[in-house]
Structure formats: C-alpha cells, structure tokens
Amino acid sequence: MHSNLRESSIDLDALSAKRTFGGNVFDSVANMANSILGAGKLYLYRLPYAVSQAGFFTGLVLLVVLCAVTDWTIRLIVINAKLSGANSYLDIMDRCFGSSGRAAVSFFQFTFAFGGMCAFGIIIGDTIPHVIRSVFPTLYTIPVLSLLTNRQFVIAICTICVSYPLSLHRDIHKLSRASGLALISMLIIVIAVCTRGPQVSPALKGDPSKRFSFIEPGIFQAVGVISFAFVCHHNSLLIYGSLRKPTLDRFARVTHISTLVSLVACCTLAIPAYLVFTDETQGNILNNFPSDDTLINIARFCFGLNMFTTLPLELFVCREVIEDYFFSDEGFSPQRHFFFTSVILIAALFVSLITCDLGVALEITGGVSATALAYIFPTACYIILIDPKYPWHSRKKLPAVCCCAFGATVMIMSLGQALAKSWTPEGDPKICV
C-alpha cells in the first residue's frame, strides 16, 4: 500500500541517530507492548467493567475493532512522518497545521504522559503498602520498618530509587529488559484474576443469567475505556527510532505483535472476570476480590511493581516534548537532560503524595488527550498529507475521515461523562491510607 514510502529519501534517520545504540525487534515489541499495557493500565483493569457496560458480545467486538484501529493509527504516525519529512509528532503537526498544531500536540502529549505518571505514583501507594499490611499485619508497630506501610514513604522510595534512575537513561531501548519484566508481572496478574475468579465466594459473584448479554446502555462509556486501554501513540516515534534498522516493514511487525499481545492480555483478563462477576463487576477488577486473598494480593503487588518501569516510559515522552518544542534547534545537553528529568519526576511525585485520586481532572486530561493523540491527529494529518487530488470520500481518505470523526465523537462523550461525574460524584472504593 505504501511501497513508495519505503524507498523515500526521508527515512527518519535523525530519530535513530539521536540514540547511541539501536534495539532489535524484540526489544521494541517489549517496549511498545509495555507502553500499551502500562499507559493504558489505568483503563486496562476497567475492561471487565467495560464489557459489562457494553454487553458481552458487543464488548468483544469493540475490543477487536478498536485494537485494529489502534494498530493502524500507530503506524499512520510514522507514515505521516515519512510523507512530511518530519522527525517527531510535533513536527508533523507543525507542517500540517502550523504553530497551533505544534502547540496542540505538545499540550496533549505532555498532559497525557504527565497525568499517567501521577496516576502511576498513586497506584504504587494504593497497592504496595496495602499488600505489605496484609502480609505483615503487625509491621506498623515496629520502629523504622513501619515506614513500609506508609503510603507516602513507599511512593517516594519507589519513585526515587527505582523509577528515577531508569528515567535518566537517554536511550528508550535500554528499558526493554525492565519492560520485559513488567510484561511478566502482567501475566501474573492475569493468571491470578482468571484463577481466583471462579473460586470467590458466591456472595461476591454476579448474576449468571446476565453473562451472555448482547448490548447494554453503557456502550458509549465502554468505547471510551477500551479506546484508552490501547493508547501508546505518544511513544510510537520514539520506539520507531530505537530500532537498529528503522523501516516501515520492521515497525509494522513490531506494531502488529505488540497490539496482538495487548489484545490477548485484554481479552484474557476481561472475559473470564466478566463471566464471573457480570453485573457486580467493579471499575477495577481487583476490587472484586477480598483483601485477604493471597494470590490476588500478589497480583496487587505486581500491579504496583509494574508502575516502576511504566513511569519512566511516560517521563521519556514528557522530556521529549519539551526538548522538541523549546530546544529543537539545539544539540543534546546533559545538564538540560538531568534538569528536566528531575523536575518532571519531582512534580509528578508531589502530585502523587498529596492526593489519592486525580478524579475528574485525570479523566479529562487522559481521556481527551488519548483520543486526540490516537484517533484525531494521526488521521487529520494523513488527510492533509496524502495527495490532494483525492477527494475526502475517496478510498484513500475515507477511512481516515471516519476515524477522525469517531475520535471527535469519543472525545465529546468522554468530556461530557467526566463533567457529569463532577456534578454527581461517584467512583470505586479507594484504598488510600
């Protein structure tokens, strides 16, 4: 389809030249899959809930279709870079929409990634201390060691001692080994939920007669949750540039494998969990289980542990946005690299320490930003960059036009739901002590 692009003189060499070493396909798959499952983890554990809101069969269709659309739009960003001769998401938007486009994508990229960093810190504080208190119920009485049950201390020590050193790397592919460990922990979580679900007390299970529902009133809310669970577009060019031999074919292979792995993980978690809890499915599926379940507590621990490697991936994006927007004409500066890494991480840490829930603000920044980055911007740029002789309803442009319209609809729905929730506060039970 895009064979002429493969032979283009514009091949994003500048991206790979910015890194000292290049990774292989497996490294990039690990990073992209972890970025999808990690950045979308705020919504990943809401997938069983999304299926319950959409209906079983409709939920399955949405999972497959939206995963395929995500696969396409991730690759579309690199194709847009080829067509425009740009080396970053910012440059693509700049060449298509001028300074306003550059500012818009910078804002949405930064807010989505930074919001994710803050939420990941909150998740660390909401999972790991809770697990430690469950395993060692008298630990809080022991001097010094009692700090391990303190939410703020655990967030600070994990962020500063683990996430911060990883964030100081300049090459994103150096996180691939840590990302691989994160994917293993994800597997543990999925196994725990699937294994313990059928064994929970009948009082915790949902109505079995509602298992194989077709369509439910909450379908629009489900579309938003499922869409956000697959987003990693803000990392796509970074991962493309981290390939040892960056080509469209190799990147397509990385994208196909990564989105397929993510889809399998999502289905494996969502379907068995929904079939057990049906109409009782909570927003975070781990909250459906009792607090003293050992295997689920291990899963909760892995959930928090997984944040250590995902947080640096989001910080890479925040730092890259600042570098590209304000210092695109300057070379690499170790001092500037260290300064922005430290400031961004400290800011996210501060937000994580002072709140247990980012609430509606996170839903707005995450939901709206994710929709713009995943569905609207890539397709809008493609419509502009593709040969203007083709009308908007042509075979080449119509899929992009439909996807762009779909993204705008989802954005409006997400924003409306978030604002409505601010007037009628509701939410899941929170662990924040």
Side-chain angles (χ1 to χ4, degrees), residues 33 36-38 40-64 66-67 123 126-128 130-135 137 181-219 221-222 225-226 229-230 260-307 427-431:
I36 295 173
L37 295 173
K41 195 179 278 89
L42 301 177
Y43 299 94
L44 179 63
Y45 292 93
R46 297 179 66 88
L47 286 178
Y49 176 74
V51 173
S52 72
Q53 292 295 297
F56 179 71
F57 293 106
T58 303
L60 294 184
V61 172
L62 288 175
L63 279 168
V64 175
L66 294 178
C67 178
I123 290 171
D126 289 351
T127 53
I128 294 181
H130 174 72
V131 173
I132 292 175
R133 286 193 297 268
S134 298
V135 176
L181 293 176
L183 292 176
I184 293 174
S185 71
M186 176 66 67
L187 179 62
I188 294 173
I189 296 169
V190 172
I191 291 174
V193 171
C194 294
T195 302
R196 297 299 299 163
Q199 301 176 22
V200 298
S201 167
L204 298 176
K205 295 182 179 181
D207 185 352
S209 66
K210 298 182 179 180
R211 285 178 179 170
F212 300 107
S213 56
F214 183 75
I215 188 168
E216 297 291 340
I219 183 173
Q221 185 177 357
V225 173
I226 294 172
F230 289 113
L260 180 60
V261 168
S262 302
L263 176 62
V264 170
C266 290
C267 290
T268 305
L269 179 67
I271 296 173
Y274 166 74
L275 291 177
V276 171
F277 298 108
T278 60
D279 59 324
E280 297 295 329
T281 305
Q282 296 188 32
N284 183 340
I285 191 60
L286 295 178
N287 289 339
N288 276 99
F289 295 88
S291 60
D292 59 350
D293 189 309
T294 302
L295 185 57
I296 293 299
N297 278 333
I298 293 174
R300 291 187 177 111
F301 182 78
C302 290
F303 190 19
L305 197 65
N306 212 350
M307 298 299 98
D428 304 318
K430 299 178 181 65
I431 302 170

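Note that the structure is predicted; figures quoted are calculated from it, not measured.
- Here the straight-line distance linking atom CD1 of Ile298 with atom SG of Cys302 works out to 7.5 Å at 0.5 Å rounding.
- The two residues Gln53 and Glu216 have their closest heavy-atom pair at O-CB, 2.9 Å.
- The two residues Ala270 and Pro48 come nearest to each other via the heavy atoms CA-CG, 3.7 Å.
- The minimum heavy-atom distance linking Val193 with Ala273 is given by the pair CG1-CB, 4.0 Å.
- Counting only heavy atoms from C-beta outward, the side chains of Leu295 and Ile191 never approach each other to under 4.5 Å.
- Between Val135 and Asn297, the closest side-chain pair of non-hydrogen atoms is not below 4.5 Å.
- In this structure, SG in Cys266 is found 10.5 Å from CD1 in Ile271, a value given to the nearest 0.5 Å.
- Between Ile285 and Asn288 the shortest side-chain heavy-atom distance falls below 4.5 Å.
- Val200 meets the side-chain contact (heavy atoms from CB on, under 4.5 Å) test with Leu204, Lys205, Val276, Phe277, Phe289; sequence neighbours excluded.
- For Ser213 against Tyr274, the heavy-atom pair with the smallest separation is OG-OH, 3.3 Å.
- Of all heavy-atom pairs spanning Thr268 and Val190, the tightest one is CG2-CG1, 3.2 Å.
- Panel note: side chain Thr278, backbone Leu275; no donor-acceptor pair is recorded below 3.5 Å.
- Looking at Ser134 and Phe301, their side chains never come closer than 4.5 Å, going by heavy atoms from C-beta outward.
- Shown here are the ring-ring contact (aromatic ring centres under 6.0 Å, His included) partners of Phe212, two or more places apart in sequence or in another chain: Phe56.
- Checked options Leu62, Leu60, Val61; the residue passing with Thr58 is Leu62 (criterion: side chain to side chain contact (heavy atoms under 4.5 Å, CB included)).
- The minimum heavy-atom distance linking Pro272 with Cys267 is given by the pair CD-O, 3.6 Å.
- With values rounded to the nearest 0.5 angstrom, Thr281 atom OG1 is found 11.5 Å from Leu47 atom CG.
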